[in-house]
Peer 1: 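Okay, here's the structure, questions in a sec.
In this text, all values refer to a predicted model and were calculated from it rather than measured experimentally. Atom set for the values below is all heavy atoms of this structure, side chains included, hydrogens, waters and symmetry mates excluded.
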Amino acid sequence: MADFPSTARVVIIGGGVVGTSTLYHLAKAGWKDCILVEKNELTAGSTWHAAGNVPNFAGSWAVMNMQRYSAAMYRTLGEDVDYPMNYHVTGALRLAHSKERMQEFERVASMGRYQGLQMDICTPAELAEHNPFMQTHSLAGGLWDPLDGDIDPAQLTQALAKGARDAGGRIERFCPVTGVDRDGDEWIVKTEKGEIRCEFVVNCAGYYAQRVGEMFKPFGGRTVPMVTMSHQYFLTEPIAELEAWTKEKGHKMPMIRDVDVSYYLRQDKYGLNLGPYERNCQAAWVKPDDPMPEDFSFQLYPDDLERLEFYIEDAMERVPALGTAGVGRNINGPIPYAPDGLPMIGPMPGVRNAFEGHSFTFGIAQGGGAGKVLSEWIMHGETELDMWAVDPRRYTDYTDHDHCLAKALETYGHEYAMHFPHHAWPAGRNKKLSPVHDRIIAAGGQMGAYNGWERANWFAKDGDDTSEEATQTWDRNGPWSIRVKEEVEAVRDGVGVLDLPGFSRFNLSGEGAAEWLRSRIAGALPKAGRMNLAYFPDSRGRILTEMSVMRHGEDQFTLITAALAQWHDFELLNKNLPEGLSLTDHTTEYSTLIVTGPKSRELFEVLGTEADLGASWLSTQPAKVGGTGCALARVSFAGELGWEIHAANADIPALYDAVIGAGAKPFGMFALNSMRIEKGYRAWKGDLSTDYSLLEAGLDRFIKFDKPQDFPGKAALQAEQQAGIKKRFVTMTVDAGDQDAPYMSTVWHKGEVVGETTSGDWGYRVGKSIALGTLRADLAQPGTEVEINIFGNMCKATVQPDQPLWDPDNERLRA
């Protein structure tokens, strides 16, 4: 106790792979005054887990980067820190039972090659060559990843711990945290051994992260959105045939992931390890009569092999050797799940100088990269690559216990599921409803969730197939396509209305608000009674966010941003807010209707709208529509003449009924996405992210270098401009087949990857498949022909002029 530290720069709570990796990266970067406190011994994630897998892909570009970093780091870690580690690079096969799965594998392989990873598409015969123990019945093919493997988790954790200690980090074991407090700008972390004052604190508490998170609620925190699942796997007794083969070949059998059946099978010593993700899964500690114990270290749940019976039988048919040996040991232990199955890595929502790194379902695979990302957040306040997919702020106030439980069961049971572009997962829905939700459903609305808000994706008619099965395709055409076409044509030729609840909406006011905003954005502010787009760069000139700025007076503003950005963007504003300014969140108090199309002015006239309907594009004004008060903003994300109606929730039903009664046709998010891509409008965290600078994103016109106010990233953007922009944002038309280019499809030129797509869709008004993306600067010239890899098909694409494909001169918008 005498040498227990009373101060530190960073305190990390939790001693798993992610916590030790974070300490390791901080210490290696020179942040030596950091300490990790752990309740028990250092462990690798869940203490029951016998080994970890190191896959290179998990369905997210950010996670793929993180896992690629982990795998590369682990290959040399033992030598780097002088600690022995068993890291078996066995390679792995992912099996496909369908055309759709093979299409996914083609996409994975293309993404992997972009990162320098060679992944090969295999025929069934080639799969058998990689793993002679496997039968190939019912398979369409598969994917071979030569860098996959397994690692001893205890050795990995200890190696990271040794490296951290050697670099100056400190680890305090058997030191449970009992609470936290604040004293000015300092955190006070309370432990059974004493208190530690620090600048930053990190929750890396694994499946105890929710309990640790409760300690931060008095300081602006929330209940951590996670559920602990019961995950079972079993180990067989040694298999003589496998032992002989291993000794002959000098390496282990390649791992198998049957992603359609939902299990992994890998060699463990001379036996096999089968781990299913069963549909009939179970959550733990979710009922009042089954609370989470104070300490579950080195404990397991009772065996429940009946749950796994189907998967065991299928795996024995696939690898008959599995059935030749008895069960050596069954392991049933806790594994944490966030609602989407991805971890939470980044700033703790609502809490200053606090971070999270928990809810890892593949903690070994992601731990090395997660430590890198967390250390970047702590040291720099930003990360090298865009990590929104794992940012804790992606969840807001809709993630109550019922939602988290429903999503955890769904996500666990579909761990290897394909995420089709027109498919909406059904669990945990209807958390946030529009004031006219019942009307939307009655009109045939097929709904999707956007930050918990239910919005119509498209509107079905009697006889349309609205089954979930119909949406499980990568193809653009399905029951929705004719309806989306009709919706677009209605907007093109007449007038449509889109019910759009959930816009993130903040009011900013106070003397000096305008001057402060100018110091945060790259461009200029609108005049009173008008609106414009504003871009917030980071220190490198990369895009943190885009907001619509409505100016009501000299220092009075409403800032509107994407639904998903609510907590991210509020924090972006609030953390730098000077004293005397007021920032308030009104997201849940107001809603929006988009009324757009060449006949929209006529519609408002028929309704006797009290407003200046001749006011110019980007104007805002108070109004009455059909006698109901609202605000009108002359803007349209669809690229047609139109207005946004902003009103209090209580007034939306009357406004919606009036607009529908005057002849507007309802349209959905699928139609809006098609139309915005035809206009080249960027979407947040697809086309607009911290992977791109404002210049790379083609947002030059929104940068005002000559304004007197400095702004984040100004120097970086000036240096980039002087040195020459290396890649540029482009619109491409694509000779696509049945599928449009998904996010992060690779763009090729003369056998070389030269860019990537950021979004793609079919343009119903122009009759073409369109892809937005970035391209090597020398190729970003109109008429340049490239190829886009769309699910393994190399599709010709042509770079278009830097203007919208639809209404290039914006005449319809400004009519």
Side-chain angles (χ1 to χ4, degrees), residues 43-55 74 84-95 127-136 142 144-146 148-156 230-259 261-278 298-333 335 362-365 415-416:
T43 58
S46 303
T47 55
W48 54 272
H49 208 301
N53 304 317
V54 189
Y74 296 164
M85 286 173 53
N86 291 322
Y87 181 15
H88 304 107
V89 180
T90 62
L93 297 167
R94 290 176 182 255
L95 310 184
L127 293 173
E129 291 177 6
H130 284 294
N131 191 322
F133 295 95
M134 185 182 72
Q135 303 296 309
T136 61
W144 166 245
D145 176 4
D148 208 339
D150 62 80
I151 196 167
D152 185 298
Q155 291 177 347
L156 172 61
S230 160
H231 179 60
Q232 274 188 109
Y233 65 92
F234 73 83
L235 308 170
T236 72
E237 299 286 355
I239 300 171
E241 181 184 8
L242 183 60
E243 180 177 359
W245 185 89
T246 303
K247 291 178 177 178
E248 176 187 350
K249 299 295 183 181
H251 61 77
K252 285 185 173 183
M253 176 193 88
M255 186 186 309
I256 295 170
R257 287 192 181 85
D258 195 323
V259 291
V261 178
S262 193
Y263 64 79
Y264 63 83
L265 181 68
R266 67 172 181 83
Q267 184 173 342
D268 185 274
K269 298 179 182 178
Y270 295 126
L272 291 172
N273 174 340
L274 176 67
Y277 292 91
E278 68 276 16
F298 314 110
Q299 298 181 59
L300 297 170
Y301 305 130
D303 292 352
D304 188 9
L305 280 173
E306 288 186 10
R307 260 173 36 209
L308 309 186
E309 184 176 349
F310 165 80
Y311 303 91
I312 294 170
E313 292 176 353
D314 187 276
M316 285 193 297
E317 290 183 12
R318 182 66 58 202
V319 179
L322 178 65
T324 64
V327 175
R329 186 186 179 198
N330 187 69
I331 297 174
N332 185 9
I335 184 169
F362 298 101
I364 305 298
E415 180 62 56
Y416 297 119

Peer 1: State, to 0.1 Å, how close Pro276 and Leu308 come at their nearest heavy-atom pair, and which atoms those are.
Peer 2: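 Residues Pro276 and Leu308, closest heavy atoms: CG-CD2, 4.0 Å.
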Peer 1: Given side chains that start at C-beta, do those of Phe310 and Val261 come closer than 4.5 Å, heavy atoms only?
Peer 2: yes
Peer 1: Less than 4.5 Å apart, side chain to side chain, heavy atoms only: is that true for Phe133 and Ile256?
Peer 2: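 No; the side chains remain at least 4.5 Å from each other.
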Peer 1: Using the rule given for side-chain contact (heavy atoms from CB on, under 4.5 Å), can you reason through Leu127 versus Met134, listing the C-alpha separation, both sets of side-chain angles and the distance that settles it, and then say yes or no?
Peer 2: CA-CA 8 Å; Leu127 293 173; Met134 185 182 72; 3.5 Å; yes
Peer 1: Just verifying a value: how many Å separate Thr90 OG1 and Lys252 NZ, rounded to the nearest 0.5 Å?
Peer 2: 7.5 Å
Peer 1: Hey, what's the ring geometry for Tyr277 with Tyr264, parallel, tilted or perpendicular (30° and 60° as the breaks)?
Peer 2: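 If you compare the ring of Tyr277 with that of Tyr264, the planes turn out tilted.
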Peer 1: How far does OH of Tyr416 sit from CG of Leu95, to the nearest 0.5 angstrom?
Peer 2: 10.5 Å
Peer 1: Does any N or O in the side chain of Glu278 come within less than 3.5 Å of the main-chain N or O of Tyr311, such that one atom is a donor and the other an acceptor?
Peer 2: no
Peer 1: Keeping Arg94 on the side-chain end and Gly142 on the backbone end, is there a donor-acceptor pair under 3.5 Å?
Peer 2: no
Peer 1: Distance check, rounded to the nearest 0.5 Å: His88 atom NE2 versus His251 atom NE2?
Peer 2: 12.0 Å
Peer 1: Give me the atom names and distance for the closest heavy-atom approach of Trp245 to Pro132.
Peer 2: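 Residues Trp245 and Pro132, closest heavy atoms: NE1-CG, 3.7 Å.
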Peer 1: Atom CE of Met253 and atom CG of Leu93: how far apart are they, to the nearest 0.5 Å?
Peer 2: 9.0 Å
Peer 1: Testing the basics here: between Thr136 and Ala128, what is the closest heavy-atom pair and its distance to 0.1 Å?
Peer 2: CG2-CB, 4.0 Å
Peer 1: So do Asp148 and Arg257 actually touch side chain to side chain, heavy atoms under 4.5 Å?
Peer 2: yes
Peer 1: Going from CG on Leu274 to CD on Gln232, what distance comes out if it is rounded to the nearest 0.5 angstrom?
Peer 2: 10.5 Å
Peer 1: What is the minimum heavy-atom distance between Pro302 and Asn332, and which atoms define it?
Peer 2: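 Shortest heavy-atom contact: O-ND2, 2.8 Å.
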Peer 1: Do Lys247 and Tyr270 touch side chain to side chain, with heavy atoms closer than 4.5 Å?
Peer 2: yes
Peer 1: If every non-hydrogen atom of Leu322 is compared with every non-hydrogen atom of Ala315, which pair is closest and at what distance?
Peer 2: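 For Leu322 versus Ala315, the nearest heavy atoms are CD2-CB, 3.5 Å.
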Peer 1: List the steps, then state whether side-chain contact (heavy atoms from CB on, under 4.5 Å) holds for Trp144 with Glu129.
Peer 2: CA-CA 11 Å; Trp144 166 245; Glu129 291 177 6; over 6 Å; no
Peer 1: Looking only at the side chains, is there a donor atom on one of Gln267 and Thr246 sitting less than 3.5 Å from an acceptor on the other?
Peer 2: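 On atom types as modelled, these side chains qualify, holding a pair under 3.5 Å.
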Peer 1: Heavy atoms, side chains only, cut-off 4.5 Å: are Leu265 and Asp258 in contact?
Peer 2: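 No, side chains not in contact.
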Peer 1: Look at the side chain of Tyr74 and the backbone N and O of Leu156, then say whether any donor-acceptor pair between them is shorter than 3.5 Å.
Peer 2: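 No, Tyr74 side chain to Leu156 backbone: no donor-acceptor pair under 3.5 Å.
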Peer 1: Could you tell me which non-hydrogen atom of Ile239 sits nearest to which non-hydrogen atom of Ala325, and how far apart they are?
Peer 2: CG1-CB, 3.7 Å
Peer 1: Does Gln155 use its side chain to pair, donor to acceptor, with the backbone of Asn86 at less than 3.5 Å?
Peer 2: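 Answer holds: yes.
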Peer 1: Using modelled atom types only, decide if a donor and an acceptor are shared between the side chain of Asn273 and the backbone of Arg266 within a distance under 3.5 Å.
Peer 2: no
Peer 1: Could you measure the distance from the OG1 atom of Thr236 to the CG atom of Leu272? Nearest 0.5 Å is fine.
Peer 2: 5.0 Å
